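A short worksheet on the structure shown next.
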Amino acid sequence: MPGLKKRSVNLAGHATSVALEPEFWVVLENIAKERRISLAALIAELDSKRGESLLASFCRLSALAFVQGRATIKRKKV
């Protein structure tokens, strides 16, 4: 598995960066595309919902929940 990939985002007027594995970025990009919002808008939304969690950790958990939800839908269709 390749290392972390950093992306810069502007959150609440402050520039910051998020470092995630490329696989998580792919899932987050898919979520943003499906919702027809930018990746930056998705990250900002996740930031507003994360509470005390670290942003990178919350992004990973959100991506995982999305993938698990897709797997559940596929199992129900079979």
Side-chain angles (χ1 to χ4, degrees):
M1 182 183 309
L4 299 176
K5 181 177 180 183
K6 278 189 175 184
R7 301 247 181 130
S8 296
V9 291
N10 197 347
L11 300 174
H14 300 348
T16 190
S17 63
V18 181
L20 299 172
E21 295 77 7
E23 295 83 357
F24 285 107
W25 284 120
V26 168
V27 174
L28 293 174
E29 289 166 352
N30 287 337
I31 295 169
K33 184 177 179 181
E34 184 175 298
R35 294 182 56 200
R36 296 181 180 181
I37 60 174
S38 68
L39 181 59
L42 176 64
I43 300 298
E45 181 182 313
L46 295 176
D47 182 53
S48 72
K49 294 179 179 181
R50 70 183 170 98
E52 297 296 316
S53 299
L54 298 173
L55 180 56
S57 297
F58 195 75
C59 287
R60 286 183 183 96
L61 291 173
S62 298
L64 177 62
F66 178 80
V67 170
Q68 287 177 327
R70 289 295 166 109
T72 299
I73 291 169
K74 284 184 180 179
R75 273 184 263 148
K76 287 182 179 180
K77 287 183 179 180
V78 173

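Bear in mind that the values here come from a model prediction, so they are computed numbers and not experimental data.
Here CG of L55 is found 8.5 Å from OG of S57. Values are rounded to the nearest 0.5 Å. The CG atom of L28 lies 14.5 Å from the NZ atom of K33; values are rounded to the nearest 0.5 Å. Taken to the nearest 0.5 Å, the CG atom of L4 stands 10.5 Å off from the OG atom of S17.
Across all non-hydrogen atoms, the minimal contact from V9 to I43 is CG2-CG2, 4.1 Å. Listed here is the closest heavy atom pair of A56 and L20: O-CD2, 3.5 Å. Scanning both residues, A15 and N10, for their nearest heavy atoms gives N-OD1, 3.8 Å. Minimum interatomic distance between A32 and L42 (heavy atoms only, all atoms of both residues): N-CD2, 3.9 Å. Residues L11 and A44 share a closest heavy-atom pair of CD2-CA, 3.5 Å. Nearest heavy atom pair, residue R7 against residue W25, reads CG-CZ2, 3.3 Å.
Within the 4.5 Å cutoff, the side chain of T16 has no heavy atoms near those of the D47 side chain.
A single hydrophobic cluster is seen to contain both L39 and I37, as judged by linkage of ILVMFWY side chains at heavy-atom distances under 4.5 Å, directly or through other members.
Residues satisfying the salt bridge (Lys or Arg N to Asp or Glu O under 4.0 Å) criterion with K49, sequence neighbours excluded, are E45.
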